[in-house]
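Small disclaimer: the values here were computed from a predicted structure and weren't measured.
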There are 2 protein chains.
Amino acid sequence: MTQRKIISFENIRVACRSCSLNALCLPMGLSSDDIEKLENVIKRSRPLQRGEHLFYSGEHFHSLFVVKTGSVKTYTPSTEGGEQVLGFHLPGELIGLDAINQNFHSCSARVLETSAICEIPFQRLEELASNLPSLQHQLYRLLSKEIVEEAEMLMLLGKRSAEERLAAFLVSLSQRLGKRGLSTTDFHLSMSRHEIGNYLGLAVETVSRLFSRFQDENFLSVDRKHVKILSMPGLETLAGITPDQPSWRESN
Amino acid sequence: MTQRKIISFENIRVACRSCSLNALCLPMGLSSDDIEKLENVIKRSRPLQRGEHLFYSGEHFHSLFVVKTGSVKTYTPSTEGGEQVLGFHLPGELIGLDAINQNFHSCSARVLETSAICEIPFQRLEELASNLPSLQHQLYRLLSKEIVEEAEMLMLLGKRSAEERLAAFLVSLSQRLGKRGLSTTDFHLSMSRHEIGNYLGLAVETVSRLFSRFQDENFLSVDRKHVKILSMPGLETLAGITPDQPSWRESN
DNA sequence: AGATTTAATTGACTGGGATCAAGAGATGCC
DNA sequence: GGCATCTCTTGATCCCAGTCAATTAAATCT
């Protein structure tokens, strides 16, 4: 079930230039020449199955990872089997940035469904970035973006009600799927109710009850892990989204 | 009260090499030569008074800031006067990393007491980092460190009780003061109860009650903003600190 | 296909912490 | 100095969401 990690017996050369994610992913905004140099550094391994880990908390840090297809959750295992889910990661998202600090991973990363993953040896990336200012800047940006997103999450956990949290989660997920060319109103949840609750600081039962209520109130229809959003404006209102948010929040 | 920002009419050259913080701050681990190059980039302005801002949310990003003396809080102002406090920053800590992402500050930074601040124009820092791999790495590390710290905060807000939150806050503050050569058991809180509560996702009244209770139970004595910790082990227990934490959490 | 385990839903109850309210100190302002 | 404002403390009450418990529905195993 929780098998050991990537055995890269087959390091396929990655072609970022022909990858549909390159507008969202690390190569975002780089020149074609620079992307080519980046490709030489990136490795791709066999697909991982649900339950496999990219890395474990405490493990030595050597690579960052990017989801190519599928989804991944990151979490900090706490003593006594408990855990705190830190995030759910969709295609194009970079994982492992927390590990640069101490050369150890401070969280674990587990695949939620069969997923293809790109691996980026950090030292080689760092060397490359020294010579490519635009890549260096892109890396700073991605680190900074993670900080901003976690800060938004702090706000959610510190100030918002259960209803606002789940609504905000669904709206945010919908937007992220949209950026990847998928439906914003009709999608599949790759994580369990338990994991959603853990992520949002809520009990499973609360999450379940809220799904039922959102359905009763015709904001969405839910069948097991399949969600159809029926009223996005309604959900946004529940999420307490203030439409005065400046446009710079929209990016990537 | 909320005056506009730093008017650097007097850009004193900063001498990081003779600054007592250089073991904690940006220069950490750099060679003396590299620190000298860094000094050429850093500006210092007149001291700021309580209530003045380093920057406001939404403002254009040009510089990072480091607290030299005093303390600063960062927060995201939300609609209707509410706010979420994101952090309290002590000498040697870098502020503004969230702004790299979008070239806008996504939070505001306000001085809690008269403070000296070093300003680091980011573009010049970035250029310098391209040529100094150790500085480049240090920057990645500091960004990563912020991510780890926010993740720890997510855990606190998502899973811990009010008692655990306040105890953890005090233990953490004590440790950070200790690293700066100050007393770990006897210190002054530069922030209000309200700000502590906001930061920890608690009501002011809850914070106040907990201070009283911790005092009744002889874990500490508190007089207004002055705190004396009487039983650090006791507080650590309240904080739910598992002493099995590996040593790599201890750094900086 | 049937047995076992795990995930999800729903109901009943409880409690931690928010909210409301009042009073006591501080601090700032003419 | 004295009035006003803001901060902090303490008490009383309430309610949101957690916990406990039971049922149903899926997924996994053999």
Provide, to the nearest angstrom, the distance between the [atom1] atom belonging to [X] and the [atom2] atom belonging to [N].
X        : N      : atom1 : atom2 : answer
B:His194 : C:dG25 : NE2   : C1'   : 19 Å
A:His226 : D:dA26 : NE2   : P     : 15 Å
B:Glu205 : D:dG11 : CD    : C1'   : 11 Å
B:Arg160 : D:dG18 : CZ    : P     : 16 Å
A:Arg209 : C:dC13 : CZ    : C1'   : 11 Å
B:Arg165 : C:dG16 : CZ    : P     : 14 Å
B:Leu112 : D:dT7  : CG    : P     : 13 Å
B:Glu164 : C:dG17 : CD    : P     : 9 Å

### Message
Heavy atoms only, 4.0 Å cut-off, all strands: where does A:Gly197 land among base, sugar-phosphate and nothing?
### Response
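No contact.
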Determine the contact category for A:Ser208: base if any of its heavy atoms lies under 4.0 Å from a base atom, sugar-phosphate if only primed atoms, P, OP1 or OP2 are that close, otherwise nothing.
->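 Contact class for A:Ser208: base.
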Candidates [options] - which lies nearest the side chain of [X]:
X        : options                : answer
B:Ser192 : D:dG18, C:dT9, D:dC8   : D:dC8
B:Arg224 : C:dT27, C:dA18, D:dT19 : C:dT27
A:Ala162 : C:dA7, D:dA17, C:dG17  : D:dA17

| task | Taking only the side-chain nitrogens and oxygens of B:Ser212, find out if one of them lies under 4.0 Å from OP1 or OP2 of D:dT10. | result |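 Affirmative; the distance criterion is met.
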Hey, does the side chain of A:Thr206 come within less than 4.0 Å of D:dA17's phosphate (OP1/OP2), counting only N and O?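 No.
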Considering residues, nucleotides and ligands other than B:Lys225, do more than 12 of their heavy atoms fall under 6.0 Å from its NZ?
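Yes, enclosed.
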- Task: Check whether the side chain of A:Glu163 and the base of D:dC16 form a donor-acceptor pair under 3.5 Å.
- Result: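 Donor-acceptor pair under 3.5 Å: no.
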- Quick one: do the B:Thr74 and B:His89 side chains pair a donor with an acceptor below 3.5 Å?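 The criterion, which ignores hydrogens and geometry beyond distance, is satisfied for B:His89 and B:Thr74.
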Point to revise | B:Gln215 and B:Ser221 side chains, donor-acceptor separation under 3.5 Å | key: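 No, B:Gln215 and B:Ser221 have no side-chain donor paired with an acceptor closer than 3.5 Å.
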- B:Phe65 and B:Phe55: aromatic ring centres closer than 6.0 Å?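 Aromatic pair counts; centres sit under 6.0 Å.
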Is the cationic atom of A:Arg110 (NZ for Lys, CZ for Arg) positioned less than 6.0 Å from the six-membered ring centroid of A:Tyr75 and within 45 degrees of its normal?
->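 Judged by the rule (NZ or CZ under 6.0 Å from the ring centre, within 45° of its axis), A:Arg110 is not positioned above A:Tyr75.
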